[in-house]
Amino acid sequence: MRLIFLGPPGAGKGTQASTLAEQWKIPHISTGDILRQAITGKTSFGIQAQAHVDAGELVPDMLIMALMRERFGQSDVKRGWILDGFPRNLSQAHALEQLLSIMRQPRPQVVNFEVSAEVVVERMLQRGRQDDNEPTIRRRLEVYQAETSPLIAFYRRHRCLNTVDGNFPVAEVNHLLQQSLQLLVSV
Ligand code: ADP
């Protein structure tokens, strides 16, 4: 199974992705996690990314694509994957299509987690990650609206968009997710 998880920051993509990846024994590829590790490890990649992440801005596409090319070069991606936090804008979505076609990987399905603005802010404030302070959260939501939300229409046009209501508690969202994936597997 090859899946892209889409949704605003705080939508619960990471939580659902890690459960599902464990269940299916496929890698959960979170650009946010990879970036935070690089920042903590003070790698050259992390040093270049840090200011963007701290400000709630997107890390430049060039850096993200270098990271993804490297990640897709690893052998564990052959049997499937869940992408969480990537692509985050249209140019990344196009670059991903190119990358997958070069690697002769099948087209992924997309799951869009729909979550209300209030729930998203509440969850991020509870989570308390370093970039989860109010001004950064506000900026990340703006960036999501401007840059990432157009991907919903993009993938709808590609006929691979599936929608899950992410407003419920974790276990319930997982149930809805499994239901919507069941439909995919059965077609
Ligand atoms: P959230 O859970 O808020 O969506 P993530 O953990 O996915 O956060 O990402 C945290 C930060 O990492 C983002 O605010 C952004 O600065 C950077 N980032 C993650 N993925 C990408 C990407 N695909 N393109 C550009 N920047 C990214």
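In this text the structure is predicted, and so the values were computed from the model without any measurement. When a ligand or atom number is given, it counts from 1 through the structure's own listing order.
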Under a side-chain separation threshold of 4.5 Å, the hydrophobic residues clustered together with L58 are V143
Go through ligand 1 atom by atom and flag the ones less than 4.0 Å from a non-hydrogen atom of K13. 4 (O)
Does even one non-hydrogen atom of R127 get within less than 4.0 Å of ligand 1? yes
Ligand 1-proximal atoms of L35, by part, heavy-atom distance under 4.0 Å: side chain
R139 and ligand 1 - part of the residue with a heavy-atom distance under 4.0 Å: neither
Sorted by chain and number, sequence neighbours left out, ring pair (Phe, Tyr, Trp, His ring centres under 6.0 Å) with H94 holds for F154
N or O contact, D33 vs ligand 1, cut-off under 3.5 Å: no
Could you see which bit of E147 sits under 4.0 Å from ligand 1, with heavy atoms only: side chain, backbone, both or neither? neither
Ignoring angles and geometry beyond distance, decide whether D84 reaches within less than 3.5 Å of ligand 1 through its nitrogen or oxygen atoms. no
Would R36 count as a polar contact of ligand 1, with the cut-off being nitrogen or oxygen pairs under 3.5 Å? yes
G32-ligand 1 polar pair, N/O distance under 3.5 Å: no
Applying side chain to side chain donor-acceptor pair (under 3.5 Å) between E57 and each of R140, H52, R139, report the one that passes. R139
Evaluate V59 for polar contact with ligand 1, using N/O atom pairs at a separation under 3.5 Å. yes
